[in-house]
Protein chains: 2
Amino acid sequence: MQLRNQVEWALHCCAILAGLPEARFLSTKDLAKLHGVPKEYLGKALQALSQAGLVEGTLGPSGGYRLAREAAGITFLDIVEAVEGKSSSFVCTEIRKNNPCRTPGMRKNGPCAIARVMWDADRAWRERLAAVSLADLARTLADELPPDQIARMGEWIEARS
Amino acid sequence: MQLRNQVEWALHCCAILAGLPEARFLSTKDLAKLHGVPKEYLGKALQALSQAGLVEGTLGPSGGYRLAREAAGITFLDIVEAVEGKSSSFVCTEIRKNNPCRTPGMRKNGPCAIARVMWDADRAWRERLAAVSLADLARTLADELPPDQIARMGEWIEARS
DNA sequence: ATATTACGGATATTTCATATCCTCAGAGAT
DNA sequence: ATCTCTGAGGATATGAAATATCCGTAATAT
Ligand code: FES
Ligand code: FES
């Protein structure tokens with residue numbers, strides 16, 4: 001089991017967008033160049049983010065994407081689910097129904113006990129992702145990245161207005 | 001992202017094995033019939049459990065599998081990792097290295113802040129799975145399943161000794 | 001000796017992630 | 001008005017991985 005590469009790309013793109021000057025858009029082309037990933041395919045991920053209402057895109061020259069809400073209101077979970085989907089990593093195919101010993105009666109059994117454990121773990125995973133916002137991430141990055149790199153990023157963005 | 005079907009199969013098989021009489025083996029064929037899954041492919045999952053030291057197999061007629069240790073000593077995480085692998089669901093491809101603005105110096109950066117959040121969530125998922133043992137599951141099932149179904153399972157197993 | 005079983009390798013099939021290409025409509029610059 | 005640049009979205013190709021089957025071997029019980 002493995003998450004898509006799109007997830008890493010989307011998270012990094014959102015991190016960039018969160019650090020953008022107010023009302024500034026950044027194009028797919030620039031985001032792709034910034035991360036060294038194929039422009040066309042990254043576009044799909046950004047479209048997913050757009051459809052989820054996390055970012056908004058605008059057309060034409062000087063177009064691109066920006067966050068649709070404040071960074072504090074967008075969590076890792078929002079981004080992951082936009083790209084990867086909201087369905088649990090564990091899918092129960094109800095193989096217990098194939099047990100020849102099962103009670104044939106119309107007893108409505110709830111979900112399988114095994115599935116409940118797996119879904120519970122999945123919920124814990126999502127809760128942890130929902131606990132971190134883009135604002136939190138921006139704070140961490142501002143604290144960790146070398147100041148000169150942050151400055152260079154500012155110039156790089158400024159250069160393509 | 002989606003876990004393999006093998007995971008559901010392996011968990012259900014372990015649940016059965018946990019309810020087996022002492023020193024009793026159950027063959028792949030019977031386990032496959034019990035769950036309505038392809039015997040050959042289920043065999044691969046059981047081999048993975050065997051290689052992980054969770055179950056042990058014996059050859060010949062009346063051969064098959066049984067738990068290698070007490071049910072209380074085998075967790076959901078053990079089983080999931082035996083089938084699905086121990087590597088995190090999130091893989092960081094270090095796309096930050098592609099950033100043209102990155103500091104070229106030999107500053108040893110630790111893992112990316114984004115990856116840390118994702119790995120942290122993955123750890124929470126695994127911790128939750130490690131918190132439930134086969135003994136816990138057996139207790140839940142004994143409490144939830146209709147008594148007549150449990151009795152029929154006993155007969156079914158007894159019938160193929 | 002025979003039948004049965006786990007084990008492991010080889011291979012086919014299907015599904016999905018990855019990647020590219022193309023068309024369309026909206027937005028800005030000239 | 002015209003042209004260029006952009007995101008949106010569909011169609012399609014490619015590769016890897018999950019799913020599934022088959023076969024040969026060794027070990028075990030009868
Ligand atoms: S039947 Fe799907 S997890 Fe038990
Ligand atoms: S570089 Fe991989 S998550 Fe940041």
Side-chain angles (χ1 to χ4, degrees), chain A residues 1-10 13 17 23-33 35-68 80 82-85 87 89-91 93 95 160-161, chain B residues 1-10 13 17 23-33 35-68 80 82-85 87 89-91 93 95 160-161:
Chain A
M1 178 208 41
Q2 197 170 302
L3 290 166
R4 303 186 188 159
N5 281 13
Q6 302 247 31
V7 172
E8 186 184 6
W9 303 355
C13 285
L17 294 181
R24 176 77 167 77
F25 291 86
L26 202 56
S27 72
T28 302
K29 183 173 54 166
D30 289 338
L31 285 169
K33 200 168 300 181
H35 295 117
V37 298
K39 167 174 100 68
E40 317 273 358
Y41 194 32
L42 175 63
K44 301 295 184 185
L46 294 171
Q47 281 172 34
L49 294 178
S50 172
Q51 199 166 9
L54 304 180
V55 305
E56 55 185 6
T58 191
L59 297 180
S62 81
Y65 291 98
R66 71 178 168 195
L67 293 188
V80 170
V83 171
E84 193 69 36
S87 58
S89 61
F90 179 80
V91 292
T93 62
I95 59 175
R160 34 212 90 200
S161 287
Chain B
M1 178 209 39
Q2 197 170 302
L3 291 166
R4 301 187 184 147
N5 280 20
Q6 303 245 30
V7 172
E8 186 185 7
W9 303 356
C13 286
L17 294 181
R24 174 78 167 79
F25 291 86
L26 202 56
S27 72
T28 304
K29 183 173 57 166
D30 290 337
L31 284 168
K33 202 168 298 179
H35 295 118
V37 299
K39 169 174 99 69
E40 316 274 358
Y41 193 34
L42 175 63
K44 300 296 182 185
L46 294 171
Q47 282 173 36
L49 294 178
S50 173
Q51 199 166 8
L54 305 180
V55 305
E56 55 184 5
T58 191
L59 295 180
S62 80
Y65 291 99
R66 72 177 169 196
L67 293 188
V80 170
V83 171
E84 193 69 38
S87 58
S89 60
F90 180 82
V91 293
T93 62
I95 59 174
R160 36 212 90 200
S161 286

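These values consider heavy atoms only, across backbone and side chains, with no hydrogens, waters or symmetry-generated copies. First the proteins, then the strands, lettered A, B, ... as listed; each starts at 1.
- Between A/Asn5 and C/dA17 there is no side-chain polar atom (N or O) within less than 4.0 angstrom of OP1 or OP2.
- As rounded to whole Å, 13 Å separates atom C1' of C/dG9 from atom CD of B/Gln51.
- Rounded to an integer number of Å, the gap from CZ of A/Phe25 to C1' of D/dT6 is 11 Å.
- Following rounding to the nearest Å, B/Leu31 (CG) and C/dA6 (P) show an atom-to-atom distance of 9 Å.
- Atom NZ in B/Lys39 sits 10.5 Å away from atom CG in B/Asp30 (nearest 0.5 Å).
- Side-chain N/O atoms of A/Ser50 include one lying less than 4.0 angstrom from OP1 or OP2 on D/dA8.
- Atom-to-atom, CD of A/Glu40 to C1' of C/dT23 comes out at 13 Å; the value is rounded to the nearest Å.
- More than 12 heavy-atom neighbours from other residues, nucleotides or ligands sit within 6.0 angstrom of CD on A/Glu56.
- Closest to the side chain of B/Arg4, from the set C/dA17, D/dT19, D/dC22, is D/dT19.
- Counting only heavy atoms from C-beta outward, the side chains of A/Pro38 and A/Glu40 never approach each other to under 4.5 Å.
- Side chain B/Lys44 to base C/dG9: a donor-acceptor pair is found below 3.5 Å.
- Put simply, CG on A/Leu17 is 14 Å from C1' on D/dG7, counting in whole angstrom units.
- Rounded to a whole Å, the CE atom of A/Met1 is 13 Å from the P atom of C/dA17.
- Whole-Å rounding puts the B/Glu56 CD to D/dA27 C1' distance at 15 Å.
- Considering only the side chain of A/Tyr41, C/dT20 comes nearest among D/dT19, D/dC23, C/dT20.
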Distances under 3.5 Å between nitrogen or oxygen atoms of protein and nucleotides 2-5 of chain C:
unit_1	atom_1	unit_2	atom_2	d
C/dT5	OP2	B/Lys29	NZ	3.2
C/dT5	O4'	B/Gly60	O	3.2

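- Across A/Val55 and A/Leu46, no two heavy atoms sit closer than the pair CG2-O, 4.1 Å.
- No side-chain heavy atom of B/Trp9 sits under 4.5 Å from any side-chain heavy atom of B/Arg4.
- One finds the CG atom of B/Leu17 at 5.5 Å from the CG atom of B/Leu31 (value rounded to the nearest 0.5 Å).
- The CD atom of B/Gln6 sits 17 Å away from the P atom of C/dT15 (whole-angstrom rounding).
- Not a single donor-acceptor contact under 3.5 angstrom links the side-chain atoms of A/Gln47 to the base of D/dG7.
- Rounded to the nearest 0.5 Å, atoms NZ (A/Lys33) and CG (A/Leu42) are 13.0 Å apart.
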